[in-house]
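Quick caveat, the model's predicted, so the values are computed rather than measured. Numbers here simply count residues along the sequence, with the first being 1.
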Amino acid sequence: MNYKGKALTIAGSDSGGGAGIQADLKTFQAFNVFGMSVVTSVTSQNTLGVRSIHDIHPDIVSDQIDMIMEDIGVDSVKTGMLSSTEIIEVVASKVKEYKIANLVIDPVMIAKSGARLLRKDAEKVLIENLLPLSFLVTPNVFEAEIISGIKIKDFEDAKVAADIIYRKGVKNVLLKGGHLPGEKAIDILFDGKDYKYYQSGRIDTKNTHGTGCTYSAAITAGLAKGMTVYNAIKVAKDYLTKAIRNAPTNIGKGHGP
């Protein structure tokens, strides 16, 4: 069996298997895309929370990227947890060196448990050094508030924030609407010209650990298969909605995968 594309995740490891590179690789496989990983941090976590975080040395992060690019290559790349200034700078440098075009940035900042996954002093570096290299950035409401610098209370605020983020050099902004008020979960895509909306019904469940990782990984897989950004998001949104609706109820005592 040949794969339909090659995708790389540059992110942290979740020992509980629900988020991070584990969620990304499972998603790539579900899309019949060959998945590769560059581990940036090792987290000790489960469905109840994060106990400890150990960052991988930037030189090792750099070597992992080199080894993949020198041999296998990629059709698309996504980033997740990039916790330090040094790691972000290495990733940005390698994106430029290898001229990676299909770069999806999931600006992971705070875990569902509340643990900070991006150091405060690294926020500016992520926004100024890495975001302008992206093809798509996928912030949730809280991340979009940090990146845009405005408070997002409703749908119109979210549209303004998407425009502000776009002006930071991003080609496409997908502002996820799961935390916005309303009966539907509506995600907003802004491509610099038009707003497009992707909606789904809300699902009453606590098993949502790793949804952001899974969503951005599904989009990355779609791009690896040659889809347009619009189709990749549509397919990924449908995949994520089904994944949440059918989430297992027997994994862990907290926010399950």
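Val229 and Ile165 fall into different hydrophobic clusters, where Ile, Leu, Val, Met, Phe, Trp and Tyr residues are linked whenever their side-chain heavy atoms come under 4.5 Å apart, directly or through other members. A single hydrophobic cluster is not seen to contain both Tyr239 and Tyr3; linkage of ILVMFWY side chains at heavy-atom distances under 4.5 Å, directly or through other members, places them apart. Ile147 and Phe135 fall into different hydrophobic clusters, where Ile, Leu, Val, Met, Phe, Trp and Tyr residues are linked whenever their side-chain heavy atoms come under 4.5 Å apart, directly or through other members. Residues Ile219 and Leu175 fall into different hydrophobic clusters, defined by Ile, Leu, Val, Met, Phe, Trp and Tyr side chains chained together at heavy-atom separations under 4.5 Å. Clustering ILVMFWY residues whenever any of their side-chain heavy atoms sit less than 4.5 angstrom apart, transitively, puts Ile56 in the very cluster that holds Met69.
To the nearest 0.5 Å, the span separating CG on Leu82 from CG on Asn129 amounts to 12.0 Å. Taking OG of Ser216 as the reference point, atom NZ of Lys176 lies at 6.0 Å (rounded to 0.5 Å). A distance of 8.0 Å separates NZ in Lys253 from CG in Asn46, rounded to the nearest 0.5 Å. Once rounded to the nearest 0.5 Å, the distance linking CG of Asp14 with OG1 of Thr47 reads 10.0 Å. Rounding to the nearest 0.5 Å gives a distance of 12.0 Å between CG of Leu130 and CD of Glu128. Rounding to the nearest 0.5 Å gives a distance of 6.0 Å between CG of Leu189 and CG of Leu174.
When every heavy atom of Ala158 is checked against every heavy atom of Ile188, the shortest pair comes out as CB-CD1, 3.6 Å. Summarising the geometry of Ile150 relative to Ile164, their closest heavy-atom pair is CG2-CD1, 3.8 Å, with the distance given to 0.1 Å. Here the closest heavy-atom approach between residue Ile244 and residue Thr205 is recorded as CG2-CG2, 3.6 Å. Here the closest non-hydrogen pair linking Gly35 and Phe28 is CA-CD1, 3.6 Å. The heavy-atom pair separating Ser84 from Ala122 by the smallest distance is C-CB, 3.9 Å. Pairing each heavy atom of Gly20 with each of Cys213, the nearest pair is N-SG, 3.3 Å.
Of the options Val90, Val95, Leu103, Ile65, a side-chain contact (heavy atoms from CB on, under 4.5 Å) to Ile10 is made by Ile65 and by none of the others. For the side chain to side chain donor-acceptor pair (under 3.5 Å) test with Lys78, the passing option among Asp24, Thr220, Thr9 is Asp24; the others fail.
Its side chain outside the 4.5 Å cluster rule for every partner, Ile251 clusters with none of the Ile, Leu, Val, Met, Phe, Trp and Tyr residues.
Residue-environment remark: CZ (Arg202) exceeds the threshold of 12 foreign heavy atoms within 6.0 Å.
Put simply, the side chain of Asp66 reaches to within 4.5 Å of the side chain of Lys94, judged on heavy atoms.
Under the 3.5 Å distance criterion, the side-chain polar atoms of Thr40 are matched with a main-chain donor or acceptor of Met81. No side-chain donor-acceptor contact under 3.5 Å links Thr43 to the backbone of Ile53. At distances below 3.5 Å, not a single donor-acceptor pair connects side-chain atoms of Asn102 with backbone N or O atoms of Ser76. No side-chain donor-acceptor contact under 3.5 Å links Ser13 to the backbone of Val42. In this structure, Ser134 contributes its side chain and Val104 its backbone to no donor-acceptor pair below 3.5 Å. Side chain of His255 to backbone of Lys206: a donor-acceptor contact under 3.5 angstrom is found. Looking at Ser37, its side chain never comes within 3.5 Å of a backbone N or O of Val39 through a donor-acceptor pair.
A salt bridge is defined here as a Lys NZ or Arg NE, NH1 or NH2 lying under 4.0 Å from an Asp or Glu carboxylate O, and Asp238 with Lys242 meets this definition.
Not counting sequence neighbours, Asp75 has no partner by the salt bridge (charged side-chain N to carboxylate O under 4.0 Å, His left out) test. For Met36, the side chain to side chain contact (heavy atoms under 4.5 Å, CB included) partners at least two apart in sequence or on another chain are Lys6, Leu8, Phe34, Ile68, Ile72, Val74.
Residue pairs meeting the ring pair (Phe, Tyr, Trp, His ring centres under 6.0 Å) criterion with at least one member in residues 60-83, sequence neighbours excluded, do not occur. Sorted by first and then second residue, the pairs that involve residues 184-194 and meet side-chain hydrogen bond (donor to acceptor under 3.5 Å, both in side chains), not counting sequence neighbours, are Asp187-Tyr215, Asp187-Lys237, Asp191-Tyr230. Residue pairs meeting the side-chain hydrogen bond (donor to acceptor under 3.5 Å, both in side chains) criterion with at least one member in residues 142-166, sequence neighbours excluded: Lys159-Tyr197, Asp163-Arg167.
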Next item on the list: List the steps, then state whether side chain to side chain donor-acceptor pair (under 3.5 Å) holds for Asp55 with Ser83.
Entry: CA-CA 7 Å; Asp55 291 340; Ser83 66; 2.6 Å; yes
